[in-house]
Every structure is written in C-alpha cells, then in structure tokens.
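First comes the structure, then the notes that go with it.
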There are 2 protein chains.
Amino acid sequence: MSTTLRDVARLAQVSVKTVSNVVNGYPHVSDGMRRRVEAALAALDYHPNRAARTLRTGRTRVLALTVAEADGVGVLARAVVRAAARHGYRVVIDPVDPECQGVATPPLSVDGCLLLTDLPAEPPTGGPPVVRLGQATAGGSADRVGIDHARATRDAVDHLVATGRSRIAAIGVAPGQPSATIGRQGYAEVLRAAGRDPLPGHLQQVPADQRSDGYRAARALLSQRRRPDAVVCASDALAIGALCAAADAGVRVPQDLAVIGVGGSEEGRWTRPALSTVAADPAFLARQAVARIVARIARPDAAPVTVVTPHTLLARESTRTSTSG
Amino acid sequence: MSTTLRDVARLAQVSVKTVSNVVNGYPHVSDGMRRRVEAALAALDYHPNRAARTLRTGRTRVLALTVAEADGVGVLARAVVRAAARHGYRVVIDPVDPECQGVATPPLSVDGCLLLTDLPAEPPTGGPPVVRLGQATAGGSADRVGIDHARATRDAVDHLVATGRSRIAAIGVAPGQPSATIGRQGYAEVLRAAGRDPLPGHLQQVPADQRSDGYRAARALLSQRRRPDAVVCASDALAIGALCAAADAGVRVPQDLAVIGVGGSEEGRWTRPALSTVAADPAFLARQAVARIVARIARPDAAPVTVVTPHTLLARESTRTSTSG
DNA sequence: TTGTATGCGTTATCAG
DNA sequence: CTGATAACGCATACAA
C-alpha cells in the first residue's frame with residue numbers, strides 16, 4: 001500500500017488537514033510546521049492519490065488529444081503537451097480504433113478533449129467538453145480551432161498558378177471527414193478564382209485520409225487523357241501518397257507534376273522531393289486550442305467559439321517552378 | 001452534477017447495492033429487478049464515476065504507451081489498443097516531452113506502462129509496473145518484449161551481403177538509447193561474421209533516434225574517401241534520413257547505395273525508393289506486451305521476464321540488388 | 001436474493 | 001494558524 005496523508009500526518013505529529021495544506025501550497029502555514037511536514041513527506045516518499053483527489057475535486061488535470069490515426073501527430077502532440085503544461089495540465093493521446101468502437105472498454109477520465117478526428121460527428125452531451133481541431137469551419141455545437149481550410153486550398157492553388165501550372169487537379173476526402181475535404185463546388189470556385197478552368201475528372205474524392213488513398217487517386221489522375229500538371233491535396237498524407245504514385249508512374253516531380261499538401265507535417269520534410277505544404281504554426285494552434293478547452297472547462301455553457309489560426313505556405317521542392325526542370 | 005448509483009436506486013426503488021450489482025454484471029440478480037434497474041439506468045443515462053471506482057478498487061483499467069516521439073507509433077499503437085481491449089483495458093499514448101520533465105504536471109493514473117522510450121533508465125519504484133518495448137535485451141529489473149536487435153542487425157547485414165554489397169557502413173544511436181543502438185564491437189563482429197571487413201569511420205554513432213540524425217550521419221559517410229555501398233541503420237527514422245541524404249548528394253539508391261532500417265514503420269513503405277526494413281509483427285508484439293503487463297499487474301513481485309519476438313526482413317526497393325541498376 | 005453500513009484518500013467546512 | 005469531521009461515488013463484507 002502506498003503512503004497516505006494520514007501516514008504523513010502521524011509521522012509529523014500534525015493533522016491530516018495540515019499536511020494537505022502543505023502539499024497544496026496553502027499559504028497560511030507556519031514555517032516550523034511546514035518544515036516538519038515536508039520532512040515527513042520526503043521521508044515517506046508521499047505521492048497524492050490521483051483517484052481520491054479527482055473524486056474529491058471533480059478534476060483530473062488531464063486533457064485528451066483524440067486522434068483517429070496516431071501516425072503523424074508528433075509535431076502537434078508536442079506543441080499541445082507544452083501548451084497544456086503551462087496551464088498545469090497533462091496531455092494523453094487517445095487513439096480511437098474504429099474496430100474497437102463496440103468493445104466495452106472503459107471511458108477515459110479527462111477534463112477535456114481536443115478532437116483531431118471527425119468521429120464522433122457530434123460529441124455526446126454529458127461527457128467532457130470538446131474542442132475540435134484542424135479546421136475552423138463554423139457551425140456545430142463545439143468550439144473549433146484551426147486554419148481556414150478553404151482559404152488554405154486557395155492559397156495552394158494560387159501558388160501553383162504563380163509557379164506556372166495550369167491543369168490543376170485536386171484530391172480531397174469525401175464528405176464526412178471535413179478536415180481534409182475539398183468539395184466539388186469549392187474546387188471549381190477556387191480554380192476559377194485563380195483564373196484556371198476546373199477540368200472534368202480532375203477532382204478525386206477519396207474515402208479516407210490515408211497515404212494509400214492519395215496514391216490511388218493520383219494514379220487515376222495520371223492515367224487520364226488530359227493529365228494534370230499539378231495536384232493540390234487536402235492533407236499531407238494524401239500528398240505523400242500522390243508523390244509515390246508519380247514516382248511509380250515515372251512522372252517527374254516537380255518537372256512534370258507539382259504536388260502540394262495541407263498540414264505542415266514533419267514527414268513531408270523527409271520525402272524526396274520534399275513536399276510543399278500549407279501549414280499552421282503548431283505552437284500557436286496548440287496554445288489557442290488549450291486556451292479554448294481550459295476556458296470551456298471553466299464555463300461549460302458559454303457560447304461555442306471558432307478560432308481561425310493563420311497559415312503559411314511552405315514552398316519546397318515538390319512545387320518548384322517547372323521551367324527550371 | 002452527473003447521476004450516481006443513488007439516483008438510479010431511488011428511481012428504481014431498490015438499494016444502491018442492487019444497482020451496483022446490475023452495473024457490474026453480478027449474476028445473482030432476479031430478472032424483474034434487473035429489468036427495473038436497467039430501465040432506470042437508461043432513463044438517467046448513468047455512467048459510473050471512474051475516479052470513485054478507481055479509488056475503491058485500486059484499478060483504472062487504463063494502460064499507458066509511453067513514447068518519446070509520437071510520430072511513428074501509429075501501427076504499434078493500433079496493435080496495442082486492440083490487444084489491450086481484449087483484456088478490458090484502454091490504452092492512452094503518453095508523449096513524454098524532455099522539456100517538460102521539470103514542470104509540475106500531474107502524473108497519470110494508469111495500471112501499467114508500456115515503455116517505448118528509454119527514459120527513464122530505471123523506472124521509479126512505487127509507480128505502476130512497466131514493460132519495456134522494442135528490444136529484448138535481458139538485464140535490468142523490468143520486463144522486456146521485443147525483437148533481438150543484434151540478430152536483426154545481423155540479418156540486415158547478411159541480406160546486404162547476399163545482394164552483392166561489400167562496403168557496409170552502419171548508423172546507430174550512441175549508448176543511452178539501447179533501442180536503436182549498434183555498438184562499436186557489434187558492428188565489427190557482425191561484419192566479420194558476414195565475411196566483410198569493418199571499415200574505419202564506417203560506424204556512425206548519432207546522439208538521437210531522429211531522421212535528421214540519420215541524414216547527417218549518412219552525409220558524413222558519403223563524403224568519405226572509401227564510400228560505402230550500403231548502410232544499415234538501427235531504426236527506420238535513421239534510415240529515412242539516410243535516404244534523403246543520398247538523394248541530396250546525388251547518390252542513387254539502390255544502384256550506388258543500399259539502405260536498410262529496423263522497425264517496419266509505415267512511413268518506410270511510402271518513401272521512394274521504398275525502404276527495406278527488419279520488422280516485428282506488430283500484432284504479435286502487442287499481444288505479448290499486453291499479456292506481460294497484465295501478468296505483472298496481477299503479480300508485481302514475480303521475476304522479470306524477457307520475451308523475444310520474431311522478426312522478418314522486408315526487402316523493398318532500397319536494397320534491390322545493384323547489378324540490375 | 002437484496003439491503004445497510006463502512007471505507008478507499010482527498011479536500012473543504014467549520015470550530016477552536 | 002490548526003484540528004476534527006463530513007462528504008465525493010463506488011464496491012463490498014456482512015446482515016437480513
């Protein structure tokens with residue numbers, strides 16, 4: 001059995017309350033008392049029991065970063081961990097497995113969730129408060145923090161046009177996974193706004209946000225009669241798949257095809273050619289998200305807020321101007 | 001306030017104990033009673049309070065997968081989540097941030113830890129039980145589950161020799177991070193066993209297990225007077241860095257240089273050329289690891305166990321025989 | 001088969 | 001400034 005406040009109190013010859021006061025940094029404790037208690041604390045190697053504390057206070061001081069796919073979250077996770085630490089919160093990544101949905105696995109005991117996945121569509125009422133991450137589209141009952149994805153796509157297309165591309169295709173995820181969506185209408189609008197024509201069959205809507213989906217979509221694109229000379233992908237995972245498809249098809253990037261993603265993932269820095277991408281500043285995004293969830297925990301019934309974080313286009317090799325190739 | 005057992009008991013006109021029995025699937029409950037209780041449970045949308053349950057039972061039914069770097073853990077995490085679900089456990093990924101070490105952030109309340117990092121060197125006594133993952137080197141007080149890393153390295157080298165390579169270099173992580181280590185002595189032994197000479201300067205020991213470290217090490221290797229024609233890396237992250245370094249230096253893989261890693265990461269399937277690697281079966285490894293930690297939770301004082309899981313060499317493009325290039 | 005009562009380790013309320 | 005003491009919500013020994 002681990003040592004409790006009572007053990008410490010007994011050793012230090014004080015009441016439980018006094019020990020608790022010392023542990024929690026309560027200011028009105030006399031010096032002598034404090035030292036006596038601290039000595040006992042150290043001697044017994046006391047660690048507060050989280051469950052008891054949580055039961056009593058109703059708070060865990062733990063935040064969940066809920067993700068569908070743990071694979072590319074390194075950068076964001078680190079940023080969130082640091083941002084949360086400033087507020088005294090710990091962060092765990094909660095990888096939801098679609099196959100385990102039904103299985104009776106105990107729910108997590110956390111004060112709030114940062115949802116990087118689009119499951120569930122609507123967070124259950126009664127559970128901990130939720131902030132959606134990744135795309136700041138207003139609507140829905142939850143707070144949202146993320147870049148303006150439509151705007152990011154537009155910036156990507158503008159960049160492709162500016163670097164001399166004209167037949168610009170797109171790969172998005174079919175509705176249901178908004179974080180990586182490029183809609184049919186959005187595709188047409190964006191292209192027209194950039195002074196280019198949307199080409200029939202040049203928008204691929206894939207079922208999931210995976211590298212393999214990007215691969216298949218890009219293969220389809222590259223086998224068309226009017227082959228695109230650029231493809232904008234709704235996520236970096238899709239873009240990396242597209243990069244591989246091009247390589248396997250003998251299509252040179254960036255000479256014959258430009259590829260750009262959205263997300264600013266670390267992995268995109270380590271492909272060859274390196275992947276151009278539209279990225280949010282992860283530290284900024286994480287700070288906003290943590291600030292939101294902390295505020296929401298404090299006032300659960302406040303009106304939902306949407307925070308749009310700025311994004312930057314990172315032009316790397318995969319979209320280098322084709323005239324030099 | 002959320003609904004408690006008492007609320008349900010009141011509504012169903014039974015005692016708290018009976019409700020508890022129903023919730024926990026206690027068999028000796030009469031049918032009528034059970035239905036009455038279940039109706040009340042549903043009507044009030046009852047969810048047990050985790051903290052209270054944990055305080056009472058001393059168990060959280062949550063396992064932590066503790067990692068230093070969340071970036072490449074997707075495959076393993078999924079496998080662990082599934083393996084744990086069979087035992088009624090939930091899994092969270094605990095990303096430890098070296099910069100947050102000092103900060104007063106609350107400890108996690110879990111029943112056990114699967115350590116994929118080498119920090120801390122010795123898990124603190126008194127905390128939850130620990131199983132080390134990734135390399136099954138005996139010694140130390142903790143259980144271990146993983147492949148035989150020395151053997152994996154040997155298999156990689158054998159494969160390189162079999163495919164016609166002779167000047168075989170290596171990139172490992174300097175002592176302190178055993179999961180990605182290729183020692184000085186090990187390097188020499190392995191090469192001699194494979195009938196090749198260890199060349200001076202052909203073992204690079206890098207400070208951390210990152211793509212950037214692999215990149216720098218490979219650059220150094222490629223600028224040497226006797227340039228290697230193959231490099232075996234202690235991890236896939238290092239190997240991917242090496243792949244990039246070769247590309248940037250204009251060295252063709254696999255024609256001029258073969259590259260192989262260890263780990264079987266998903267990312268390695270999506271580089272071009274695709275990365276050859278020595279991989280454990282993640283599902284098998286996860287099952288072993290979860291079985292270990294569950295056993296350890298049940299009997300904390302049993303003697304530590306080391307489980308060696310089998311590995312397979314996945315020969316992909318990055319080590320294709322050079323005669324065809 | 002079901003109800004009553006106790007305690008898990010903390011924090012918070014209230015006297016002293 | 002410090003000490004008793006009462007919850008927090010649940011599971012269980014024991015009684016009925």
Side-chain angles (χ1 to χ4, degrees), chain A residues 1-41 44-62 88 106-111 126-128, chain B residues 1-41 44-62 88 106-111 126-128:
Chain A
M1 214 38 170
S2 66
T3 78
T4 76
L5 282 184
R6 287 180 48 159
D7 302 330
V8 179
R10 192 158 28 216
L11 178 62
Q13 309 266 41
V14 296
S15 82
V16 175
K17 174 62 159 66
T18 303
V19 181
S20 174
N21 283 343
V22 171
V23 169
N24 294 2
Y26 185 70
H28 305 295
V29 180
S30 70
D31 262 16
M33 195 110 292
R34 160 159 288 137
R35 260 174 311 154
R36 222 165 73 215
V37 171
E38 278 170 346
L41 247 19
L44 264 42
D45 188 33
Y46 170 79
H47 294 286
N49 179 308
R50 305 289 317 160
R53 187 173 272 186
T54 297
L55 176 59
R56 184 59 230 224
T57 62
R59 311 235 92 101
T60 62
R61 311 246 30 141
V62 175
L108 251 34
S109 176
V110 297
D111 289 350
Chain B
M1 216 35 167
S2 66
T3 77
T4 74
L5 281 185
R6 286 180 46 158
D7 302 329
V8 179
R10 192 157 27 214
L11 178 62
Q13 310 265 45
V14 296
S15 83
V16 177
K17 169 68 155 66
T18 304
V19 182
S20 176
N21 281 344
V22 171
V23 169
N24 294 3
Y26 184 69
H28 304 295
V29 180
S30 71
D31 261 15
M33 195 111 286
R34 159 159 289 138
R35 260 174 312 155
R36 223 165 73 214
V37 171
E38 276 170 348
L41 246 20
L44 264 40
D45 188 33
Y46 170 78
H47 294 286
N49 179 308
R50 305 290 316 162
R53 189 173 271 188
T54 297
L55 177 59
R56 184 59 231 242
T57 63
R59 313 232 91 99
T60 63
R61 312 244 31 139
V62 175
L108 252 32
S109 177
V110 296
D111 289 350

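For the numbers below, each heavy atom of this structure counts, side chains included, while hydrogens, waters and symmetry mates do not. Chain identifiers are assigned alphabetically (A, B, ...) following the order of the sequence lines, protein sequences preceding nucleic acid strands; residue numbering begins at 1 within each chain.
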| Tell me, which of residues 6-19 of chain A have any heavy atom that sits under 4.0 Å from an atom in DNA chain C? |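 Of all residues in residues 6-19 of chain A, the ones placing a heavy atom under 4.0 Å from DNA chain C are Val16(A), Lys17(A).
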| query | When you measure from every atom of DNA chain C, which of residues 44-52 of chain B have a heavy atom less than 4.0 Å away? | reply |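 By residue number: none to list.
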| query | Quick one: is Arg56(B) getting a side-chain N or O under 4.0 Å of the dT12(D) phosphate, OP1 or OP2? | reply |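 Answer is no, no contact under 4.0 Å.
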| message | Test of understanding: with side-chain hydrogen bond (donor to acceptor under 3.5 Å, both in side chains), list the residues that count as partners of Thr54(B), not counting sequence neighbours. | response |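 side-chain hydrogen bond (donor to acceptor under 3.5 Å, both in side chains) list for Thr54(B), sorted by chain: empty.
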| query | Sequence neighbours excluded, which residues qualify as side-chain hydrogen bond (donor to acceptor under 3.5 Å, both in side chains) partners of Ser15(A)? | reply |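 Once residues adjacent in sequence are excluded, the partners of Ser15(A) under the side-chain hydrogen bond (donor to acceptor under 3.5 Å, both in side chains) criterion are Thr18(A).
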| said: With a 4.5 Å cut-off on side-chain heavy atoms, are Arg53(A) and Asn24(A) touching? | reply: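 Yes, at least one pair of side-chain atoms sits under 4.5 Å.
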| said: Counting C-beta onward and ignoring hydrogens, is there a side-chain heavy-atom pair between Val23(B) and Tyr46(B) closer than 4.5 Å? | reply: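 Yes - at least one pair of side-chain heavy atoms lies under 4.5 Å apart.
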| said: From the set dG9(C), dC10(D), dT11(C), return the single nucleotide nearest to any side-chain atom of Thr4(A). | reply: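 Given the options dG9(C), dC10(D), dT11(C), the side chain of Thr4(A) is closest to dG9(C).
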| said: Using five base pairs at each end to define the local axes, how bent is the helix from dT1(C)-dA16(D) to dG16(C)-dC1(D), to the nearest 10°? | reply: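 Rounded value for the end-axis angle: 40°.
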Search all heavy atoms of [X] against all heavy atoms of [Y] and return the closest pair with its distance.
X        : Y        : result
Ser2(A)  : Asp7(A)  : O-OD2, 4.1 Å
Val37(A) : Ala12(A) : CA-CB, 4.2 Å
Ala40(A) : Val8(A)  : CB-CG1, 3.8 Å
Asn21(B) : Val29(B) : CB-CG2, 3.9 Å

| message | Could you tell me how far apart Tyr26(A) (OH) and dT10(C) (C1') are, to the nearest whole angstrom? | response |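 Spelled out: OH on Tyr26(A) to C1' on dT10(C) is 16 Å.
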| said: Using whole Å, what does the distance between atom C1' of nucleotide dT10(C) and atom CG of Leu55(B) come to? | reply: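 Rounding to the nearest Å, CG of Leu55(B) and C1' of dT10(C) are 8 Å apart.
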Going by side chain to side chain contact (heavy atoms under 4.5 Å, CB included), name the residues that satisfy it together with [X], two or more places apart in sequence or in a different chain.
X        : result
Arg61(A) : Arg50(A), Tyr89(A), Pro106(B)
Ser30(A) : Met33(A)
Val16(B) : Leu5(B), Arg6(B), Ala9(B)
Asp45(A) : His47(A)

| Base, sugar-phosphate, or nothing: which does Leu5(B) touch, judged by heavy atoms less than 4.0 Å apart? |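 Result for Leu5(B) = sugar-phosphate.
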| message | Applying a 4.0 Å non-hydrogen cut-off, can you work out what Asn21(A) is touching in the nucleic acid: base, sugar-phosphate, or nothing? | response |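 Since no nucleic acid heavy atom lies under 4.0 Å of Asn21(A), the category is nothing.
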| field | Qualifying salt bridge (charged side-chain N to carboxylate O under 4.0 Å, His left out) pairs, either residue in residues 14-39 of chain B, two or more places apart | value |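 Found none.
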| Interface with DNA chain D, restricted to residues 29-41 of chain A and to heavy atoms under 4.0 Å |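 Contacts with DNA chain D under 4.0 Å: Val29(A), Ser30(A), Met33(A).
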